[in-house]
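Here's the structure we're looking at; comments come further down.
We name chains A, B, ... by the order of the sequence lines, and we start the count at 1 in each one. Please read these numbers as outputs of a predicted model, since none were measured by experiment.
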There are 2 protein chains.
Amino acid sequence: MNDLQIANSVNPKPIQHIAKQIGVSTDQLEFYGKYKAKLPLELIDEEKAKKSHLILVTAITPTPAGEGKTTVSIGLNDALNRLGKSSIAVLREPSLGPVFGIKGGAAGGGWSQVIPMEDINLHFTGDFHAIEKANNLLSALIDNNIQSKTRNLGIDPRTILWKRAMDMNDRSLRNLIVGLGGKNGGMPRETGFNITAASEIMAILCMSKDLEDLKARFARIYIGDRFDGSPVFAGDLNAQGAMATLMKEAIMPNLVQTLGHNPAILHGGPFANIAQGTNSILATKMGLSLGEFVVTEAGFGSDLGAEKFFNIKSREAGLSPRAVVLVATIRALKYHGGKPLKDLSYPDVDALEWGLPNLQHHLDSLKSFGIPVVVAVNVFSSDSTAEKELILDYCIKQGVPAALSEGWAHGGEGCEDLGRLVIEAAEGTKSAFQPTYSLEDSVEEKVQKVAKTIYGASGVEYSTNAKKQLKKIEKLGYSKFPICIAKTQKSISDNEKLIGRPKDFKITIREFEFAAGAGFIIPIAGEILRMPGLPEVPAAEAVDIDREGKISGLF
Amino acid sequence: MNDLQIANSVNPKPIQHIAKQIGVSTDQLEFYGKYKAKLPLELIDEEKAKKSHLILVTAITPTPAGEGKTTVSIGLNDALNRLGKSSIAVLREPSLGPVFGIKGGAAGGGWSQVIPMEDINLHFTGDFHAIEKANNLLSALIDNNIQSKTRNLGIDPRTILWKRAMDMNDRSLRNLIVGLGGKNGGMPRETGFNITAASEIMAILCMSKDLEDLKARFARIYIGDRFDGSPVFAGDLNAQGAMATLMKEAIMPNLVQTLGHNPAILHGGPFANIAQGTNSILATKMGLSLGEFVVTEAGFGSDLGAEKFFNIKSREAGLSPRAVVLVATIRALKYHGGKPLKDLSYPDVDALEWGLPNLQHHLDSLKSFGIPVVVAVNVFSSDSTAEKELILDYCIKQGVPAALSEGWAHGGEGCEDLGRLVIEAAEGTKSAFQPTYSLEDSVEEKVQKVAKTIYGASGVEYSTNAKKQLKKIEKLGYSKFPICIAKTQKSISDNEKLIGRPKDFKITIREFEFAAGAGFIIPIAGEILRMPGLPEVPAAEAVDIDREGKISGLF
């Protein structure tokens with residue numbers, strides 16, 4: 001059975017039954033159909049949240065297929081519930097665009113999925129649509145102001161960094177010229193579209209404390225400069241009220257269920273390179289308010305996802321994970337050991353051993369946060385017994401608890417060993433995490449500390465352009481922001497060809513960007529694609545729906 | 001109180017209570033929050049629908065403020081319910097874009113509104129978003145195919161008529177060049193965005209019988225030509241399955257309530273010039289399946305909305321209205337009598353009398369359909385007693401039943417007189433409507449018949465370009481489609497300056513378009529704006545939301 005077939009083989013429970021498990025009554029829910037509901041923000045209880053156990057799931061350096069963090073998170077969540085803990089999986093919501101590209105959905109896999117899988121991967125509760133509208137309303141207001149005769153702010157169209165957004169893999173929208181067709185068609189200028197997940201609106205949603213904070217952050221969005229060089233913000237266009245109004249429902253976290261009928265909260269899904277790559281602060285706090293355990297994840301390997309989870313999100317929200325689960329696959333470790341992608345299904349103990357330094361690197365850098373780490377070996381049917389033994393032995397020798405995670409094949413039952421280790425680690429944790437840098441550090445110091453402590457780099461270099469941009473950022477007063485380094489997820493370094501555990505490398509910051517509303521500086525150490533394209537054979541061509549509404553080809 | 005304040009002064013009933021009034025049980029509903037729900041298509045009962053009474057609300061030639069068809073429809077619906085009939089208002093759902101432009105919402109006015117008004121005017125249940133995504137997925141597939149090396153269909157980018165869609169007033173998107181930035185950014189070409197309501201996807205949704213029909217219509221969408229001149233359709237890109245999948249929820253009509261707590265179904269909202277300008281066939285049939293009466297409306301004056309309602313929608317769906325309500329305002333008639341817009345609040349019996357020929361024209365042309373007409377005088381507080389008496393007397397002398405409609409000020413109670421006349425007319429109607437033309441007529445004959453019978457034109461002229469385009473349409477085999485004439489709503493003629501009842505004019509078809517999926521030919525007799533802009537002071541600037549989520553400035 002494929003993922004869609006597995007998902008459809010389980011009858012979801014009415015969502016009010018899932019809500020009841022975590023003490024939420026039917027009339028507190030905002031239903032979206034029978035199996036999805038929004039949770040009002042009033043349910044967040046900061047005091048209760050502080051007492052609950054936050055578990056962060058991160059991963060080694062992934063192969064293109066990903067390491068299965070979401071699958072492990074969902075399996076672990078179901079296991080914790082089986083072990084008598086009230087646990088909630090709190091995850092990102094998937095983007096619609098990529099569903100029609102290469103891959104199918106992004107809601108876990110096998111017997112560790114969240115359902116209704118089709119809805120979650122398509123429109124879900126409309127959050128991405130609302131983000132798109134808020135984003136594009138600001139764009140329309142910008143272009144309208146440039147066109148305005150009486151209320152023109154003098155925005156220099158060449159400086160506008162704000163782009164439109166669309167949740168679609170559509171490369172033709174990356175670079176375009178709008179405003180053609182003469183005087184009535186606006187002022188011609190170069191611009192483009194980002195995919196919605198790459199919009200700063202998404203990053204802001206996931207950083208916001210409440211509706212007021214969301215609105216205040218919208219007002220602080222930097223648009224570009226006036227002809228006199230002074231900065232223009234969304235607030236100068238009085239955009240924030242209408243933008244926040246469009247987000248009235250989107251700000252509420254979404255409740256769904258796992259295949260094991262345990263609660264899952266999905267909310268927000270920002271990019272993990274130019275943004276924080278994890279679900280909203282509000283969703284995490286909602287989960288912690290309603291459950292004893294929250295299992296959450298952050299995008300790509302620990303060098304990207306976990307680092308940002310700690311230094312950006314947790315610091316901003318006053319959160320501290322009680323344990324970190326590091327997901328590794330035997331396949332990926334063999335890849336880091338030099339085995340070609342196409343051969344990863346063949347057992348190869350030597351390649352696995354050669355790949356272990358990648359795992360070791362992630363263990364070492366995670367250690368810097370002072371939070372216990374548990375390794376989850378996400379099992380594939382192609383993994384051999386010898387391989388599984390090798391990796392578990394390796395971890396035990398390092399003194400790191402490790403377990404096989406068989407959530408794909410067996411759901412929560414397949415993750416009970418992992419669950420026990422996680423409970424033990426989390427319940428023994430008393431102190432909060434140690435950040436990698438202080439917000440008072442200079443931007444260069446922050447980058448240096450992340451590069452050395454997290455990436456193991458020997459140093460950092462800056463392009464001339466980056467230095468110039470940094471000056472502007474400092475002048476605008478953003479030096480106290482945390483940093484959100486954008487680099488490849490394929491290597492611990494900024495060179496995607498350096499697999500395994502690269503040594504003696506420097507990273508190069510080519511550019512600086514900043515997200516004034518979300519509240520971070522973005523040092524860019526690589527090419528960042530914010531609008532994907534469709535492949536030669538788009539997945540969309542295989543998607544179909546019959547007269548009864550049954551969907552096929554989504555996976 | 002403004003409309004938003006009035007709307008918020010009434011506590012909506014939980015939507016399952018409204019559903020119960022029309023025999024729909026809670027578990028048949030797909031909830032969207034507490035006050036909105038989608039109705040599954042299984043509730044449509046063709047036999048029951050045939051027995052119910054369909055009432056079409058149309059209008060005289062409107063002033064820019066509109067004649068209040070929606071307000072009259074909602075008031076009439078509440079009145080029919082007060083008079084003991086089970087009646088459902090079946091209306092278009094409003095577009096989000098214009099809410100941030102000049103005007104506020106479009107969900108009736110005063111004490112004749114549908115609620116929750118804010119939700120209905122913002123994201124509602126996501127139908128417009130789904131339409132946008134289906135539209136833009138097709139666009140992405142087109143550009144991806146042009147870029148394709150192995151599966152290129154040879155589409156000539158210069159011939160592509162299919163545009164992207166966004167529900168936003170954003171003039172800068174009217175004309176643009178996409179695909180810039182080199183080889184990886186697609187193939188540069190000129191194109192543009194339509195506002196979502198102007199998308200053929202919207203027209204198709206509103207013409208579809210079911211999910212299969214929707215999908216088949218999507219496959220028939222004409223995109224452009226190959227370099228060899230042969231046509232390319234969405235089906236050639238295998239787009240229809242994924243597009244229909246995106247419309248899985250959007251195809252279901254939406255149930256809300258009026259301020260009088262009576263049922264209202266809102267579904268679809270196509271333009272009334274290039275498209276049919278009325279809610280979906282499915283929604284109308286849903287209403288007729290669940291109520292004894294359905295009150296519905298169609299955009300602009302009867303020359304546009306009613307003509308298309310009969311000749312396109314009713315013919316396709318096998319519907320026949322039992323009565324037509326012609327909405328007139330004293331203000332508009334004074335305008336047609338020559339009074340300037342700014343002076344319409346001053347009583348002027350002479351101007352009113354001079355304007356009556358416009359009313360008479362609409363009565364005459366509606367007579368051609370063979371369905372009884374009732375005049376509803378939509379009352380404004382500025383109307384004088386003498387003016388009201390004049391217009392009622394005029395109608396009585398013509399043998400046309402007429403009543404004051406005070407839905408704005410008094411809700412259903414203010415429309416009871418109208419309700420009684422409508423019941424009497426509808427219950428006495430035994431035969432189906434007479435279409436203006438036969439589908440077997442040639443395209444020119446169809447245009448000629450509408451121009452003469454409905455507009456009172458003396459003839460039709462065609463531009464050279466239109467003649468050429470017509471040849472292509474005939475060659476493609478679309479001659480049997482009904483026609484959907486796009487012309488100004490400000491005049492019965494195609495010249496917006498000719499107010500009142502113009503005589504001795506010809507209309508000029510400048511261009512022909514066609515909507516192969518929706519299934520009609522579009523003779524264009526004027527400038528058609530498919531992407532509005534924002535005004536100097538966009539309404540968005542005044543919209544705000546406070547920390548409790550209370551919205552202000554939406555009206």
message: At a 4.5 Å cut-off on heavy atoms, which part of B:L176 comes close to chain A: side chain, backbone, both, or neither?
response: both

- request: Please determine, by modelled atom types, if A:N184 and B:R171 share a side-chain donor-acceptor pair under 3.5 angstrom.
  value: no

query: Who pairs with B:S552 by side chain to side chain contact (heavy atoms under 4.5 Å, CB included), at least two apart in sequence or on another chain?
result: B:D544

message: So for B:E42, is it side chain, backbone, both, or neither that comes closer than 4.5 Å to the heavy atoms of chain A?
response: neither

- prompt: Could you state the interatomic distance from CZ (B:R547) to CG (A:D213), rounded to the nearest 0.5 Å?
  reply: 10.0 Å

query: Which answer fits B:P14, side chain, backbone, both or neither, if we ask what part of it has an atom under 4.5 Å from a heavy atom of chain A?
result: neither

- prompt: Can you tell me how far CE of B:M243 sits from CD1 of A:I545, rounded to the nearest 0.5 angstrom?
  reply: 13.0 Å

query: Under a 4.5 Å heavy-atom cut-off, does chain A meet the side chain of B:R151, its backbone, both or neither?
result: both

statement: B:N254 meets the side chain to side chain contact (heavy atoms under 4.5 Å, CB included) criterion, sequence neighbours left out, with B:K38, B:E93, B:F124, B:T125, B:D127, B:H267

query: Going by an N to O cut-off under 4.0 Å, is there a salt bridge joining B:K34 and A:E30?
result: yes

statement: The interface call for B:L237 against chain A, heavy-atom contacts under 4.5 Å, is backbone

query: Is there a donor-acceptor pair closer than 3.5 Å between any side-chain N or O of B:H129 and the backbone N or O of A:G126?
result: no

message: Is A:L41 in contact with chain B via its backbone, its side chain, both, or neither, using a 4.5 Å heavy-atom distance?
response: neither

Proximal component of B:L122, with respect to chain A [non-hydrogen, under 4.5 Å]: side chain

